[in-house]
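Counting convention: from 1, in listed order, for ligands and their atoms alike.
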Amino acid sequence: MDQNTVLIVGSIALDSIETPSDKRTNVIGGSTTYSLIAASRFSKTSIVGIVGSDFPKEGLKLYETYADNLEDLKINEGSTFRWGGKYHSNWDDRDTLYTDLGVFLDFNPVLSEQNQKRTHILLANIHPELQNSVIEQNKNPNAVIVVDTMNLWIETTFSELKKVLTFSNILLINESESKLLTKRANTENAAEELLGMGPEIVVIKKGSEGAELFSNRETIKIGAFPVKEVIDPTGAGDVFAGTFIAALAEKDSNQTALLKASAMASFSIESFGVDRLINLSDYDLTERIEYLKTTVKS
Ligand code: AMP
C-alpha cells in the first residue's frame with residue numbers, strides 16, 4: 001500500500017508580533033508554515049499556498065527543506081500576506097493589528113495531480129471558501145479531512161464554514177471559538193453540537209488547561225505541559241493541528257496524536273516563529289509526551 005501523506009492548505013505569512021515582553025517584525029509564519037514544520041517531523045507533507053516576490057530566501061529554504069514537494073507553491077509578483085498581532089498581558093488574548101492580504105487576494109488553490117490524492121488533508125486556518133475549494137479538488141474518497149478555523153471566519157463567513165464542516169472528519173477548535181460557533185457555554189454541549197455538524201471527532205483546545213477529544217466512541221482529556229517561559233504563543237494551534245494530522249497519518253491512536261500535538265505546541269511557544277521546533281531534539285519531545293501521559297483522563 002502507498003505511504004500516507006499529508007497535504008496542508010493555509011496561510012504563508014510575514015508576521016509582526018508584540019508580546020507583553022518583546023516584539024519582532026517579519027517573522028516567517030502563517031498557519032501553513034507552523035503546521036508544515038510540525039507535520040513533516042512525523043509524516044511526508046506537502047503544501048498548497050502562495051507567497052509574494054518579497055518572500056525572504058530563508059523562508060523559501062524552510063519550505064524546500066520541510067515540504068515533500070513545492071509543486072503547488074505559487075510565487076506571484078507583489079507582497080506576501082502580512083499579519084500583525086499584539087498579545088494582552090494575560091498572554092492568551094490577542095488583538096489583530098492588521099491583515100494585509102497582498103498576493104493572497106488572488107489566491108485560488110489549484111492542486112497538482114499528486115496533491116489531489118493525499119490520504120490526509122489539513123485545512124489550516126484560512127478563508128473557508130479556499131478550504132472548500134481544496135475539498136472540491138480532492139479525488140481521494142477516503143481522505144481524512146481535518147479542519148482548523150478562527151473567530152474571524154465564525155463571525156464573518158459562518159455559512160461557508162458550516163459547509164466545510166459537513167465534509168470534514170475532524171474539527172480542531174479553541175474552547176472560546178467552540179462557544180462562539182455553537183452558542184453553548186458548556187464544553188461538552190458545544191462538542192456534541194459540533195459533532196452533529198459533520199465531523200466524527202472534535203478536539204477542543206483549552207490553552208494552558210489542555211485539550212479534550214470527543215467522538216461517539218470515546219472522550220479523552222489531557223492537560224498541558226507547564227511551559228516555564230512563554231516567548232510567543234503565535235502558531236501553537238497550527239503546530240497542534242499539523243502534529244495531530246501527521247500522527248494520525250502514521251497510524252497513531254487518537255490519544256497518542258493528542259499527546260504529541262500538545263507536546264509539540266508547548267515547544268512552539270518557546271520562541272518567535274518556528275525556531276524552537278527546528279531545534280527540537282527527539283529526547284526533549286519524548287520527555288514532554290511522557291509527562292503529558294500522566295495527565296490523561298478518559
Ligand atoms: P495561531 O496562533 O495558531 O492562531 O496562528 C497564527 C498564525 O495565523 C499567524 O502566523 C498568522 O500569520 C496567521 N493568521 C492570522 N490571521 C489570519 C487570517 N485571517 N488568515 C490566515 N492566516 C492568518
**OP:** Using a strict cut-off of 4.0 Å, indicate which atoms of ligand 1 neighbour a heavy atom of Ala13.
**Re:** 12 (O)

**OP:** Look only at the side chain of Thr295 and the backbone of Tyr291, and say whether a donor-acceptor pair between them is shorter than 3.5 Å.
**Re:** no

**OP:** Could you tell me whether Glu188 and Lys221 make a salt bridge, using a distance below 4.0 angstrom between a side-chain N and a carboxylate O?
**Re:** yes

Original post:
Under 4.0 Å between a Lys/Arg side-chain N and an Asp/Glu carboxylate O for Lys293 and Glu290?
Top reply: yes

Original post:
Any N/O of Phe81 closer than 3.5 Å to an N/O of ligand 1?
Top reply: no

Original post:
Side chain, backbone, both or neither: which part of Phe240 has a heavy atom under 4.0 Å from ligand 1?
Top reply: neither

Original post:
Counting each atom of ligand 1 from 1 as listed, which ones have a heavy atom of Gly30 under 4.0 Å away?
Top reply: 9 (C), 10 (O), 12 (O)

Original post:
Between the candidates Asn125, Val274, Ile17, Asp148, which shows the shortest non-hydrogen contact distance to atom 14 (N) of ligand 1?
Top reply: Asn125

Subject >> Pair Lys206 + Asp92, salt bridge at N-O below 4.0 Å >> reply: no

Subject >> Derivation of the side-chain hydrogen bond (donor to acceptor under 3.5 Å, both in side chains) call for Glu200 and Ser215 >> reply: CA-CA 6 Å; Glu200 298 107 62; Ser215 77; over 6 Å; no

**OP:** For ligand 1, find out whether one of its N or O atoms is nearer than 3.5 Å to an N or O atom of Asp15.
**Re:** yes

Original post:
Of the backbone atoms (N, CA, C, O) and the side-chain heavy atoms from C-beta on, which set of Thr96 has a member under 4.0 Å from an atom of ligand 1: side chain, backbone, both, or neither?
Top reply: neither

Subject >> Residue and atom name of the nearest protein heavy atom (relative to atom 22 (N) of ligand 1), distance in Å to one decimal >> reply: Ser11 OG, 2.8 Å

**OP:** Could you tell me whether Lys74 and Asp106 make a salt bridge, using a distance below 4.0 angstrom between a side-chain N and a carboxylate O?
**Re:** no

**OP:** Could you tell me whether some N/O pair between Ile126 and ligand 1 is separated by less than 3.5 angstrom?
**Re:** no

Original post:
Can an N or O of Asp238 be found at a distance shorter than 3.5 Å from an N or O of ligand 1?
Top reply: yes

Original post:
Nearest protein heavy atom to atom 2 (O) of ligand 1, by residue and atom, and its distance?
Top reply: Gly235 N, 2.7 Å

Subject >> Within reach of ligand 1, part of Thr234 (heavy-atom separation under 4.0 Å) >> reply: both

Subject >> Enumerated ligand 1 atoms positioned under 4.0 Å from heavy atoms of Tyr34 >> reply: 10 (O)

Original post:
Is ligand 1 less than 4.0 angstrom away from at least one heavy atom of Trp153?
Top reply: yes

Subject >> For the student: nearest non-hydrogen atoms of Val103 and Thr80, plus distance >> reply: CG2-CA, 4.3 Å

Original post:
What distance separates Glu136 CD from Glu129 CD, expressed to the nearest 0.5 Å?
Top reply: 10.0 Å

Original post:
In terms of heavy-atom contacts, does NZ of Lys86 have more than 12 from other residues, nucleotides or ligands at under 6.0 Å?
Top reply: no

Original post:
Should you measure from each heavy atom of Leu152, which atoms of ligand 1 turn up under 4.0 Å away?
Top reply: 19 (N)

Original post:
Do the side chains of Asn138 and Phe167 get nearer than 4.5 Å, heavy atoms only?
Top reply: no

Original post:
Is it the side chain, the backbone, both or neither of Arg94 that has a heavy atom closer than 4.0 Å to ligand 1?
Top reply: side chain

